[in-house]
Amino acid sequence: MSVVIRSIASYIPEIRIDNNELAAKVDTTDEWIRSHTGIGARHIAPDGILTSDMAAQAAKSALEKAKISAREIDILIVATATPDYFGFPGTSCIVQDKIEAYGCTAFDVVAGCTGFIYALDIASAMLEARHARNALVIGAESLSRIVDWNDRSTAVLFGDGAGAAVLSRIDEPGRGCLSFILGAEGSGAKDLYLVQADRPNAFSREAPQTPVIYMNGKKVYDFAVKSITVLIERIMHATAYRLDDFAWIVPHQANARIVQAAGKRFKIPEEKFYLNMEEYANTSAASIPLALAEMDSKGVLKKNDLIMLLGFGAGLTYGAAVIRW
Ligand code: ACO
């Protein structure tokens, strides 16, 4: 048996803010953002739309494409750094209710921008171990709600959206999720985190502040380039595939320069990397499924294509997946 991605879909909010519009609010320029990141625009969730709303929309589209009903889902995982509620309940449970996938296992995964790859590995292993049929793996973020719009070094980087994959266990050996690598470097937790209100003691009742992103951009940049490089080497070693065997490498869409730097080390042609951060910016756990959904709708993914997913993010975490489409 193997676990395949049976369908993939996305939800992208309609509100689009290009770099020039952003430069009217934040002290920056289109030229700086494009030359330092490759980002040209970002989409922002409208007022009142939560992470679970975007996740549910993406999930419904993925279910429709897979031609299965929500009742056939056994496991529902949402990877997110921007849950509807801090701590609990899980956004996955809210999504379960919104799409009426009653009774399935539902939980969240917190692994920053690597969250979707972590969730894919967990879902694939659970489907195998439990002889279950289908899982929904969702990456969804409303990062616009935690961006410090006064901090130009982070405000220009992020966007909102959701991507959802239906995973199914089928009898087609050699296809689907073939190999995973997951890792973390917790000493870097301080380089990318959510700054929150201090609670000096258990009974303090300070007015809540809105949490905002803090990022040491240089440290995260170096970690990202190193992670991609090490992950590619480890995949080659673990699977005996050659880079030429891969039709596509789909990296976390944080910054085109990160991908170019890592690609140069292996002399990988730029066209092998699928990049769409120009339109959506960094959507954290949603970025890889958003890219896959776009590739799928453009028809660039062919059955049996070998693809590599590469992620890195807050934690600091990193991860890779090898998938035969
Ligand atoms: N517009 C104009 N100028 C800016 C901006 C901006 N938006 N941001 C910073 N600058 C200025 C700085 O003030 C600085 O000016 P100075 O030299 O006068 O002091 C100059 O540009 C250079 O700043 P750096 O921070 O050194 O810029 P750098 O080239 O390192 O690029 C960036 C910054 C794009 C953030 C880069 O470090 C990066 O991509 N880091 C990784 C981010 C990332 O991938 N995060 C992924 C994980 S996210 C997650 O998991 C949630």
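Bear in mind the structure is a predicted one, so any value in this text is a computation, not a measurement. Counting from 1, the numbers follow the sequence of the chain as shown. Both counts, for ligands and for their atoms, begin at 1 and track the order of listing.
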* Hey, is atom 48 (S) of ligand 1 touched by any protein heavy atom at less than 4.0 Å? -> yes
* Should Asn255 be counted as touching ligand 1, given the test is an N or O pair under 3.5 Å? -> yes
* For atom 43 (C) of ligand 1, which protein heavy atom lies nearest, and how many Å away is it? -> Val220 CG1, 3.7 Å
* Does the side chain of Thr317 reach to within under 4.5 Å of the side chain of Glu185, using non-hydrogen atoms? -> no
* Sidechain-backbone polar pair: Arg42 side chain, Ile17 backbone, donor-acceptor under 3.5 Å -> yes
* Within 4.0 Å of atom 39 (O) of ligand 1 (strictly less), any protein heavy atom? -> yes
* Asked: Is at least one protein non-hydrogen atom found at under 4.0 angstrom from atom 17 (O) of ligand 1?
  -> no
* Assess Ala314 for proximity to ligand 1: is some non-hydrogen atom of it under 4.0 Å away? => yes
* Asked: Between Ile288 and Met295, is there a shared hydrophobic cluster once you connect ILVMFWY residues whose side-chain heavy atoms come closer than 4.5 Å?
  -> yes
* Go through ligand 1 atom by atom and flag the ones less than 4.0 Å from a non-hydrogen atom of Gly313. => 50 (O)
* Asked: Nearest protein heavy atom to atom 6 (C) of ligand 1: under 4.0 Å?
  -> yes
* To do: For the residue pair Tyr241 and Phe246, categorise the inter-ring angle as parallel (less than 30°), tilted (30 to 60°) or perpendicular (more than 60°).
  => perpendicular
* Using atom types as modelled and distance alone, determine if a side-chain donor or acceptor of Asp108 lies under 3.5 Å from a backbone N or O of Pro83. => no
* Asked: Is Asp222 paired with Lys218 through a side-chain N to carboxylate O contact shorter than 4.0 Å?
  -> yes
* Is there a heavy atom of Ser153 sitting under 4.0 angstrom from any atom of ligand 1? -> yes
* Asked: Which residue supplies the protein heavy atom nearest to atom 44 (O) of ligand 1, what is that atom called, and how far is it?
  -> Ala254 CB, 3.3 Å
* **Test item: protein heavy atom less than 4.0 Å from atom 31 (O) of ligand 1** => yes
* To do: Under 4.0 Å from a heavy atom of Ile258: give me the atoms of ligand 1 that qualify, with their elements.
  => 44 (O)
* To do: Taking the side chain as every heavy atom from C-beta outward, state whether Asp245 and Thr239 have any atom pair closer than 4.5 Å.
  => no
* Option of least heavy-atom distance to atom 33 (C) of ligand 1 (set: Phe312, Tyr193, Trp32) -> Trp32
* Report the part of Leu143 (side chain from C-beta onward, or backbone N, CA, C, O) that has a heavy atom under 4.0 Å from ligand 1; answer both or neither where that applies. => neither
* To do: Check if Thr37 has a non-hydrogen atom at a distance under 4.0 Å from any atom of ligand 1.
  => yes
* Donor-acceptor pair, Ser287 side chain versus Gln253 backbone, under 3.5 Å? -> yes
* Asked: Of all the non-hydrogen atoms in the protein, which one sits nearest to atom 14 (C) of ligand 1, and at what distance?
  -> Arg152 NH2, 4.7 Å
* Using a strict cut-off of 4.0 Å, indicate which atoms of ligand 1 neighbour a heavy atom of Asn282. => 46 (C), 48 (S)
* Would you confirm whether Ser168, through its side chain, and Arg6, through its main-chain N or O, come within 3.5 Å as a donor-acceptor pair? => no
* Heavy-atom count around Phe86 CZ within 6.0 Å, excluding the residue itself: above 12? -> no
* To do: Please work out which of Met215, Glu141, His36 has its closest non-hydrogen atom nearest to atom 42 (C) of ligand 1.
  => Met215
* Asked: What part of Leu192 sits under 4.0 Å from ligand 1 if we count only heavy atoms: the side chain, the backbone, both or neither?
  -> side chain
* **pair Leu127-Ile75: side-chain heavy atoms closer than 4.5 Å** => yes
* May I ask you to check if ligand 1 and Thr28 share an N or O to N or O distance below 3.5 Å? => yes
* Heteroatom distance test (Leu157, ligand 1): nitrogen or oxygen, under 3.5 angstrom -> no
* **Heavy atom of the protein closest to atom 50 (O) of ligand 1 (residue, atom name, distance)** => Cys113 SG, 2.5 Å
* **Numbered atoms and elements of ligand 1 in range of Val156, under 4.0 angstrom, heavy atoms** => 7 (N)
* **Pair Glu278 + Arg34, salt bridge at N-O below 4.0 Å** => yes
* Asked: Are any of the protein's heavy atoms under 4.0 angstrom from atom 10 (N) of ligand 1, yes or no?
  -> yes
* Side-chain ion pair, Lys65 and Asp296, N-O less than 4.0 Å -> yes
* **Any Asn282 side-chain heavy atom under 4.5 Å of Asn255 side chain** => no
